[in-house]
2 protein chains.
Amino acid sequence: MSYNLAPLQNLIDQFERMQGIGHKTAQRMAFYVLGLSDSEAEQFANAIMDAHTKIKQCKVCCDLADGDLCPICKADNRDKSVICVVEDPRDVAAIERTHEYKGLYHVLHGAISPMDNIGPDQIRIKELIARLSDGEVEEVIMATNPTVEGEATAMYISRLLKPMGITVSRLAYGVPVGADLEYADEVTLSRALDGRSLL
Amino acid sequence: MSYNLAPLQNLIDQFERMQGIGHKTAQRMAFYVLGLSDSEAEQFANAIMDAHTKIKQCKVCCDLADGDLCPICKADNRDKSVICVVEDPRDVAAIERTHEYKGLYHVLHGAISPMDNIGPDQIRIKELIARLSDGEVEEVIMATNPTVEGEATAMYISRLLKPMGITVSRLAYGVPVGADLEYADEVTLSRALDGRSLL
């Protein structure tokens with residue numbers, strides 16, 4: 001239903017525009033805002049503007065950054081000979097959570113998808129190639145999503161990089177740790193068989 | 001996980017403070033904001049401030065209003081002899097959706113709940129009594145929630161109003177339309193039996 005109060009309805013509409021937020025949730029969120037104190041509401045509105053104006057793309061890896069460089073490109077303790085290529089800034093966060101990877105990243109901001117009119121020029125492949133010209137990078141790990149688009153993007157980039165003498169690797173496919181074999185899909189299971197290792 | 005970027009983390013925290021919004025959803029919402037254009041982000045931030053500063057309480061019924069009076073109190077075509085008492089502005093919206101009720105409302109903004117230190121003075125009961133002094137109102141329908149608190153509030157108010165010669169009624173209890181008797185709880189079912197009507 002719609003409210004007769006324009007400012008309230010407008011706010012509900014704003015929340016509802018977000019992916020995964022239905023009408024009821026948007027309504028609850030708008031009422032949450034009405035219940036805030038003046039200063040809290042101002043902080044909330046400022047947080048939106050702040051995030052929007054202050055967060056830019058890192059000039060090197062295209063990850064999110066609040067300055068010219070992102071915290072990872074700025075850090076001294078990262079291995080500059082490896083670059084992990086991901087589709088999205090959230091993927092960087094996911095890999096960082098493992099605390100296993102010490103190299104650099106490159107964020108493509110998408111994957112090649114002819115269906116959606118996204119070709120190699122629409123994602124940050126040129127920027128990746130530019131980073132490889134100085135010869136410091138020895139390996140590029142393709143960590144694009146295990147989807148058709150992510151796969152195609154990984155293949156495309158690996159074909160560009162191999163002639164440059166750079167090792168290109170891909171994340172392993174297999175059954176997720178803790179999952180039940182019974183519920184693994186056939187493709188994943190056959191990839192897990194292909195990729196089996198000796199004990 | 002937390003991001004190293006303060007403006008982003010701050011925005012995620014703001015979203016996460018809302019009831020029913022978990023960390024993953026808050027993160028997705030923050031990334032949605034980053035993906036907005038400059039003007040869209042500004043509209044979003046303004047919608048929050050607008051809703052917060054422009055929406056006040058109606059001076060008569062305590063419902064939400066963007067001026068001194070809410071649209072229902074301002075309307076000429078409502079039956080001014082009946083007041084429906086609800087706990088929350090959302091309840092007004094719910095009853096309006098039925099298109100059945102043509103009277104006025106009174107929003108208590110809560111219910112009496114000694115457990116949460118909410119007594120009769122913390123909700124808008126005084127304002128309701130004040131509206132009844134001119135003798136124009138003939139019936140007050142208690143539409144507080146069918147909970148212990150809502151029930152206690154309805155009882156409390158009805159005892160105040162009956163000596164004033166005003167008819168006080170309560171929403172009917174019963175099985176919800178479309179529900180399955182098998183799954184109705186015992187209390188609801190016994191109330192439905194008590195309130196049975198002749199065919």
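From a predicted model like this one, the values you see are computed outputs, not experimental measurements. Protein chains get the first letters and strands the later ones, always in sequence-line order, with residue 1 at the start of each.
Connection of A/Leu5 to B/Val107 is not established within any shared hydrophobic cluster, with ILVMFWY side chains joined at heavy-atom distances below 4.5 Å, either directly or through further cluster members. Under a hydrophobic-cluster definition in which Ile, Leu, Val, Met, Phe, Trp and Tyr are linked whenever side-chain heavy atoms come within less than 4.5 Å, directly or via other members, B/Val92 and B/Leu64 are assigned to different clusters. A/Met155 is not connected to A/Leu171 by any chain of hydrophobic side-chain contacts under 4.5 Å among Ile, Leu, Val, Met, Phe, Trp and Tyr, and they are in different clusters.
Among B/Gln43, B/Arg17, B/His52, B/Gln14, the residue with the largest count of heavy-atom pairs under 4.5 Å with chain A is B/His52. Heavy-atom pairs under 4.5 Å with chain B peak, among A/Arg28, A/Glu40, A/Gln19, at A/Arg28. In terms of non-hydrogen atom pairs under 4.5 Å with chain B, the most contact-rich of A/Asp50, A/Ile72, A/Asp66 is A/Asp66. When each of A/Asn46, A/Asp38, A/Asn10 is checked for heavy-atom pairs under 4.5 Å with chain B, A/Asp38 comes out on top.
Note that CD1 of B/Ile55 and CG of A/Leu8 are 4.5 Å apart. Values are rounded to the nearest 0.5 Å.
For A/Arg124, the side-chain contact (heavy atoms from CB on, under 4.5 Å) test picks out A/Gln57, A/Cys62, A/His106, A/His109, A/Glu127, with sequence neighbours left out.
What you find for A/Pro7 and B/Lys54 is that their closest heavy atoms are CG-CB, 4.0 Å.
Applying the 6.0 Å contact sphere to NZ of B/Lys74 captures more than 12 heavy atoms from other residues, nucleotides or ligands.
Contacts of A/Ala65 with chain B are made by backbone atoms alone, with heavy-atom separations under 4.5 Å and no side-chain atom involved. Contact of B/Thr53 with chain A is not made at all, since no heavy-atom distance falls under 4.5 Å.
Here B/Leu36 is tied into one hydrophobic group with A/Leu11, A/Phe15, A/Met18, A/Ile21, A/Met29, A/Tyr32, A/Val33, A/Leu36, A/Phe44, A/Ile48, B/Leu11, B/Phe15, B/Met18, B/Ile21, B/Met29, B/Tyr32, B/Val33, B/Phe44, B/Ile48, each link being a pair of ILVMFWY side chains closer than 4.5 Å.
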